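To start, the structure itself, in structure tokens.
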Amino acid sequence: MRSHALLPSALLLLGSLTLTAACANGSGTPDPSPESMQAGPSSSASRTVDPSRIKGLRIVNDGSEQSSCPFAISYPDVPGAEEMTSAMRKDVDQRLAAFRSSRCDNGSPSAGELNVSHRFLVASGDVLGVRLTTLDGSGVGNGQSTSTYWYDGENGAYRQALDLISDGSRDAFTAALKKQLRGREGVDPSYLDDAFADTTHLADLLDDLSFTADGNLRAELDRGTVGADAAGSHVVSLDKATITPWLSPFGLRAQQQTEHPGNDLDLGAPSTPSAAVPTHSASADDDTDCKKVKCIALTFDDGPAAPETATLLNHLDRYEARVTFFTVGQNVAAHPELVRAEVKAGHEVGNHSWNHPDLTKLTPEQIAYQLGRTSGAIKAATGKAPTLFRPPYGAVNAKVKAATTLSPVLWDVDTEDWKYRDGAKVARTVIAKARRNSVVLMHDIHPTSVAAVPEILRTLTAEGFRFVTVSHLRATL
Ligand code: NI
């Protein structure tokens with residue numbers, strides 16, 4: 001994540017994403033995917049890992065829904081790999097603290113958002129590999145950066161990317177990388193020599209190493225490290241025959257598990273029973289007539305999350321309340337069973353993008369990708385594609401609306417539950433502000449928000465409210 005600071009980091013967040021994508025693909029057409037940098041030519045495609053197969057997986061989520069302090073972070077917590085989770089938490093917390101103090105507390109409204117998203121590279125045998133992609137538009141950070149984190153189950157140890165290479169082969173490895181980079185468009189020779197000369201920071205410079213499905217090694221160097229910021233990041237690939245002799249014993253296993261994924265991931269953690277998934281079934285279609293009775297639509301964003309969403313479903317069942325979940329695609333992929341349970345219980349599932357970016361800052365292709373990939377994950381989990389979306393931070397404009405057929409849903413009661421992690425306060429806010437046909441914003445990634453729900457349901461039921469989905473509210477008004 002280290003970089004030269006020769007240029008002011010004034011490049012806009014998404015400008016950098018586009019540049020990076022164009023650079024990494026070696027073509028003029030930016031790939032809209034946030035992971036476009038990982039796509040590369042089809043011959044060196046990376047593996048797709050199904051995170052729902054990872055036993056006991058929990059996704060650590062945090063975020064806001066306010067455009068004055070826009071952040072969304074997400075990284076996995078895999079049983080057995082606690083040391084790796086701690087390393088990710090440390091890096092992410094540092095970023096978040098800097099972002100919040102510069103962007104949210106001191107208010108620089110022109111600055112962009114902080115977004116940390118995750119992707120599994122390998123989750124097989126005793127090897128776990130994860131890439132975190134960070135977009136930091138606060139001016140404190142440096143646009144986009146990526147890092148890979150590795151866990152070696154055989155030795156019970158967290159590994160940095162450079163640990164994939166054996167100590168004795170690092171000189172040969174770095175010489176091969178430099179050779180590929182020198183003379184490439186956007187690479188500045190003086191940056192290049194400086195970056196590699198500083199061996200104490202080599203692990204920071206080379207903090208994104210992974211393998212492709214055919215065993216090649218892929219290195220991504222963040223923007224600003226070997227060239228000016230504007231040149232974007234730089235992807236280097238070393239073929240299997242070249243890299244294999246230089247790999248450490250763990251590197252060899254990581255390569256093997258990427259090329260030929262074996263059994264399910266087993267890091268030797270004591271067996272963790274999967275969290276219970278509620279099995280409530282909606283008795284029938286909801287026949288509430290919102291013209292005749294007081295209706296209210298509670299909405300829960302950013303999930304699903306284990307175990308919070310399961311707890312929430314149990315609360316809702318007790319009061320026969322129906323609500324709307326605006327789910328984030330990367331969490332749907334991790335917990336499709338919870339999304340299925342939401343639909344089975346009669347709730348509505350909407351789309352809240354793949355990894356919670358401000359959609360107004362994206363190109364139409366990127367917007368379509370964010371929403372399309374998420375709708376695909378929801379359909380795969382439930383058999384039914386969503387019809388509604390909630391734009392992250394409530395940020396929506398004509399460009400966003402034109403890029404999708406989904407209907408946008410905002411809100412009129414904001415609990416600010418992401419800021420106040422206090423169940424009693426969240427309950428008081430909803431109860432005080434609830435009006436007939438209100439749409440209430442909450443988040444089921446926070447245990448405090450879930451804990452507020454029984455009191456909300458009890459009090460508002462007594463006041464004659466009926467809890468309906470957003471589509472039901474719209475259809476019967
Ligand atoms: Ni959100």
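Every number for a ligand or one of its atoms is a count from 1 in the order of the listing. Just so it is clear, the structure is predicted and the values come from calculations on it, not from any experiment.
Of the listed residues (Arg103, Arg223, Arg100, Arg95), just one forms a salt bridge (charged side-chain N to carboxylate O under 4.0 Å, His left out) with Asp136, and that residue is Arg95. Considering Thr327, Thr299, Asn61, Thr309 as possible partners of Asp444, the one that fulfils the side chain to side chain donor-acceptor pair (under 3.5 Å) test is Thr309.
For the Ni ion (ligand 1), the nearby protein N/O/S atoms, meaning those under 2.8 Å, are Glu65 OE1, Glu65 OE2, Asp302 OD1, His352 NE2, His356 NE2.
In this structure, Asp50 does not pair ionically with Arg53, as no charged nitrogen and carboxylate oxygen lie closer than 4.0 Å. Note on Asp422 versus Lys425: no salt bridge recorded, every NZ/NE/NH1/NH2 to OD/OE distance being 4.0 Å or above.
The structure places OG1 of Thr461 at 10.0 Å from CD of Glu320, a figure rounded to the nearest 0.5 Å.
Applying the 6.0 Å contact sphere to NZ of Lys399 captures more than 12 heavy atoms from other residues, nucleotides or ligands.
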